[in-house]
Amino acid sequence: MTVQVSDVKKALCIDIDDDDEIIQTYIDNATEYIKTAVSETADLTKYKQFDYAVTLLTQFWYLNRDIDMKKQPFQVVSLIQQLKSKVISIN
């Protein structure tokens, strides 16, 4: 499964389509951010933690888009660490 705009909108209780483009941009960037943090070569899509991390990071960026963000949410950092350990144990 990959994260869709509708998944994020459902999690954020958004009923309108006005921000679909920006949410998709956040999803795309969150996906690349997490892949880069974990492994650019591993197939992370087979792990539930990957979709959850992408969703959480997308929500965080969406909800905080008007402020300067210096840190990522602890939950995302934790999920990245879990994914790293899964990828390392496979190799």
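Treat the numbers as computed from the prediction; the structure is a model and nothing was measured.
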Gap separating the CG atom of Leu44 from the CD atom of Gln49, nearest 0.5 angstrom: 10.0 Å
Set of side-chain contact (heavy atoms from CB on, under 4.5 Å) partners for Gln75, sequence neighbours left out: Leu56, Pro73
By side-chain contact (heavy atoms from CB on, under 4.5 Å) - contacts of Gln81 (at least two apart): Val77
All side-chain contact (heavy atoms from CB on, under 4.5 Å) counterparts of Lys84, not counting sequence neighbours: Val38, Ile80
OG1 on Thr55 to CG on Leu79, rounded to 0.5 Å: 10.0 Å
Atom pair CG/OG1 of Asn29 and Thr58 - distance to nearest 0.5 Å: 8.5 Å
Thr41: side chain to side chain donor-acceptor pair (under 3.5 Å) partners, not counting sequence neighbours: Ser39
Under 3.5 Å donor-acceptor, Asp7 side chain and Gln4 backbone: yes
Any residue meeting side chain to side chain donor-acceptor pair (under 3.5 Å) with Asp28, in chain and number order, not counting sequence neighbours: Gln24
Quiz: residues 12-23 side-chain donor-acceptor pairs under 3.5 angstrom, not counting sequence neighbours:
residue: Asp17; atom: OD1; partner: Lys9; partner atom: NZ; Å: 2.6
residue: Asp19; atom: OD2; partner: Tyr62; partner atom: OH; Å: 2.5
residue: Asp20; atom: OD1; partner: Lys9; partner atom: NZ; Å: 3.0

Gap separating the NZ atom of Lys35 from the CG atom of Leu83, nearest 0.5 angstrom: 12.0 Å
Closest non-hydrogen atom pair, Thr31 against Phe50: CG2-CZ, 3.7 Å
Single-linkage hydrophobic cluster, 4.5 Å side-chain cutoff, Phe74 and Val76 together: no
